[in-house]
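Scroll down for the structure; my scribbles are underneath it.
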Amino acid sequence: MVVFVSAGCSLSGNEGSVEISRYSGESVFLSCSVKCTAQHEPDSKFRWKLPNYIEINHTINPTERRLYQGRLHMFDISSGNFSLLISNLTEEDEGLYSCWSNENQHKNFSLTVKGCTLSETEREPETKYTGDSVLLSCSCEDPNSKPEDFRWTHVESSGTEVSSETPRYKDRVHTFHKTTPSNLSLLISNLTEDDQGTYRCTVNHKTSADIRLIVKGCTLSETERETETKYTGDSVLLSCSCEDPNTKPEDFRWTHVESSGTEVSSETPRYKDRVHTFHKTTPSNLSLLISNLTEDDQGTYRCTVNHKTSADTRLIVKGCVLSEHHITKSSSAGESVILPCSCEDPQTRPEHFEWTRAAVNETLVSDTKEINGRFQTIRDSPHNLFLRISNLTETDGGLYVCSVNGKQSRHVTLTLTDPAVINALDYRYYLIFLLSLLCLMLLAAGCIFWRFARAKKGSRGSQEIQRSNDEDEVTYSTVMQIKGKKTAEILQQDDVTYSSVTDIKGKKRPHKKEEGVVYSTVADMSRSTQDDVTYSSVVHIKSHKPKSRQNNAEEATIYASVQKDKT
């Protein structure tokens with residue numbers, strides 16, 4: 001650029017070329033002024049020659065000025081100051097600037113603008129976990145550099161700009177160039193699996209550096225788990241965790257599949273104050289604790305991580321099943337009665353129950369009110385729901401209903417009986433008992449008398465036989481018991497008892513053969529050897545009477561032998 005001045009005026013300062021070095025983003029002041037004699041004033045005619053063949057004077061062409069985007073400023077010509085100020089220098093501003101006073105007087109400025117040269121263009125991959133933060137470094141080699149323009153982009157997302165203006169990264173990114181212009185690094189917090197990819201740092205639309213980011217998400221340790229079986233009122237821990245304990249999943253949720261995917265959280269009225277999670281203290285632990293279980297809690301629970309992977313757990317909640325249906329209880333006025341009602345499984349703890357009177361549909365007691373005047377719940381065990389009624393009156397009779405969880409019920413009919421009627425019935429039964437006992441005693445006395453008479457008759461017959469010395473009817477009973485050491489003669493029988501019964505009827509006579517003989521032998525051997533043995537032998541012989549008494553022949557003989565071995 002050339003600046004012309006009128007006669008009598010000259011450029012101040014040295015002529016020639018002045019070397020000036022600046023960094024991009026800085027400002028530069030190109031000094032150019034004139035001195036005039038007293039009778040002369042500075043002429044407004046001048047010219048600056050800028051790089052890229054641009055020439056301007058005090059009336060600057062707006063079109064030419066676009067290159068500098070409002071960064072170019074000239075001082076008041078009337079004072080003779082034709083200096084030029086350029087701010088926010090870019091590398092394109094580098095070149096030769098000339099200020100002319102006339103055709104022979106001029107002043108040159110050689111401007112060098114140092115831009116940002118990235119310290120590294122290829123960097124090692126960064127490996128992080130979801131929920132972590134990462135610093136992607138990018139800086140100029142010269143710490144004094146002030147790059148006029150730079151940007152970060154996510155290559156895999158079609159070059160999406162990474163800035164706080166981008167919804168995907170809103171409130172999650174931060175840069176440092178405002179305080180340290182040469183530091184172009186990028187900080188991303190609360191990483192997600194979608195953040196994985198290649199990030200590019202580009203300076204002044206020229207140079208760039210790439211960094212590969214790997215974000216490890218949560219991989220569930222199990223996707224199918226064993227069925228959990230619990231009882232109403234219990235607590236259950238539904239496990240769900242990431243394989244890598246360093247994982248911090250950005251999002252997870254529990255749902256109850258059978259309830260159209262209802263979310264299981266403390267915000268859901270159904271589970272309010274009954275659920276607890278552990279991820280705040282241990283991010284990789286996504287387990288769910290449910291307390292005070294109800295039958296409605298039964299079903300399949302699903303743990304879903306980052307809207308991608310999930311794991312299911314089947315929960316069975318055993319509720320109260322009433323053991324019986326309809327029974328009848330009897331009592332009398334003034335007394336107390338207990339009406340039974342219980343669950344079949346003794347481990348069951350019904351969350352809600354009540355006793356009512358069917359006639360008036362009146363609630364007597366319940367899980368929230370266990371005592372109501374003469375009515376009281378007896379719960380010696382969680383599964384027992386007995387009802388005690390004291391000081392019974394005639395109006396207490398009727399149908400009572402035990403209901404559990406509003407689903408099932410058991411009916412008990414209470415009948416009241418007049419005590420006077422009960423006493424009359426008791427007296428009648430007592431009289432019948434006495435008469436029966438008297439009949440039994442008379443029957444026993446008759447049996448005793450009959451046996452005594454028979455025994456007396458037999459005694460008289462025996463005496464007649466002795467007087468006649470005739471042994472027509474003889475009964476022998478012999479008992480032999482041997483105790484002692486074992487001998488060969490008794491065939492190793494330690495304790496032996498023999499019993500022999502002989503019944504002889506008719507006169508004795510020699511008998512050469514046994515016309516009718518009945519033998520009966522019983523042997524009881526409790527061991528392989530004959531240590532404990534019982535023998536019973538019966539011989540019955542029928543024949544003609546013997547001729548003489550001396551040969552002791554027996555026309556009819558019965559033998560009974562018992563051998564007992566005692567050890």
Side-chain angles (χ1 to χ4, degrees), residues 126-134 156 168-172 188-197 213-320 345 347-351 405:
E126 292 280 352
T127 301
K128 297 293 179 179
Y129 292 93
T130 54
D132 286 348
S133 298
V134 64
E156 284 80 358
R168 173 177 168 180
Y169 298 99
K170 185 175 177 63
D171 300 327
R172 294 200 299 126
I188 308 176
S189 58
N190 297 321
L191 289 172
T192 69
E193 291 184 69
D194 293 334
D195 291 333
Q196 181 169 294
L213 174 62
I214 299 173
V215 182
K216 291 185 176 182
C218 174
T219 301
L220 295 178
S221 55
E222 297 178 78
T223 56
E224 290 294 335
R225 293 175 173 82
E226 295 293 330
T227 301
E228 292 281 350
T229 301
K230 297 293 180 179
Y231 292 91
T232 54
D234 286 348
S235 298
V236 65
L237 179 66
L238 305 178
S239 61
C240 182
S241 59
C242 307
E243 288 184 351
D244 192 331
N246 296 311
T247 304
K248 300 175 183 178
E250 64 272 16
D251 178 75
F252 80 96
R253 65 197 299 257
W254 280 93
T255 55
H256 188 251
V257 177
E258 284 79 358
S259 300
S260 302
T262 300
E263 184 173 2
V264 183
S265 70
S266 57
E267 303 300 323
T268 305
R270 172 177 169 180
Y271 298 99
K272 186 175 179 61
D273 300 327
R274 294 201 298 126
V275 295
H276 177 72
T277 54
F278 308 87
H279 69 284
K280 290 183 179 180
T281 55
T282 309
S284 63
N285 185 2
L286 313 177
S287 300
L288 176 70
L289 176 67
I290 308 177
S291 57
N292 297 321
L293 290 172
T294 68
E295 291 184 68
D296 293 334
D297 292 331
Q298 179 169 297
T300 301
Y301 288 80
R302 179 167 294 163
C303 172
T304 305
V305 179
N306 301 332
H307 306 283
K308 295 180 179 179
T309 58
S310 62
D312 292 350
T313 304
R314 178 70 180 170
L315 173 63
I316 297 175
V317 181
K318 292 186 177 181
C320 175
D345 193 329
Q347 298 187 60
T348 304
R349 289 178 286 180
E351 61 268 20
N405 302 330

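- Although no hydrogens or angles enter the test, the distance criterion places no donor-acceptor pair under 3.5 Å between the side chain of Ser221 and the main chain of Cys242.
- Between Ser235 and Leu289, the shortest heavy-atom contact is CB-CD1, 4.4 Å.
- Within the 3.5 Å criterion, the main-chain N or O of His256 finds no donor-acceptor partner in the side chain of Ser259.
- In this structure, the side chains of Thr313 and Leu288 stay at 4.5 Å or more apart for every pair of heavy atoms.
- Within the 3.5 Å criterion, the main-chain N or O of Arg349 finds a donor-acceptor partner in the side chain of Thr232.
- By the 4.5 Å heavy-atom criterion applied to side chains, Ser287 and Ser239 are counted as neighbours.
- A salt bridge links Arg172 with Asp195: at least one charged nitrogen is closer than 4.0 Å to a carboxylate oxygen.
- Trp254 is not listed as a side-chain neighbour of Ile290, based on a closest heavy-atom distance of 4.5 Å or more.
- Annotation: salt bridge (Lys or Arg N to Asp or Glu O under 4.0 Å) contacts of Arg270 (sequence neighbours excluded): none.
- With sequence neighbours excluded, no residue forms a salt bridge (Lys or Arg N to Asp or Glu O under 4.0 Å) with Lys216.
- Residues Thr300 and Arg314 form a side-chain contact, since some pair of their non-hydrogen atoms from C-beta on lies under 4.5 Å apart.
- Residues Glu228 and Tyr301 are not in side-chain contact: their nearest non-hydrogen atoms beyond the backbone lie 4.5 Å or more apart.
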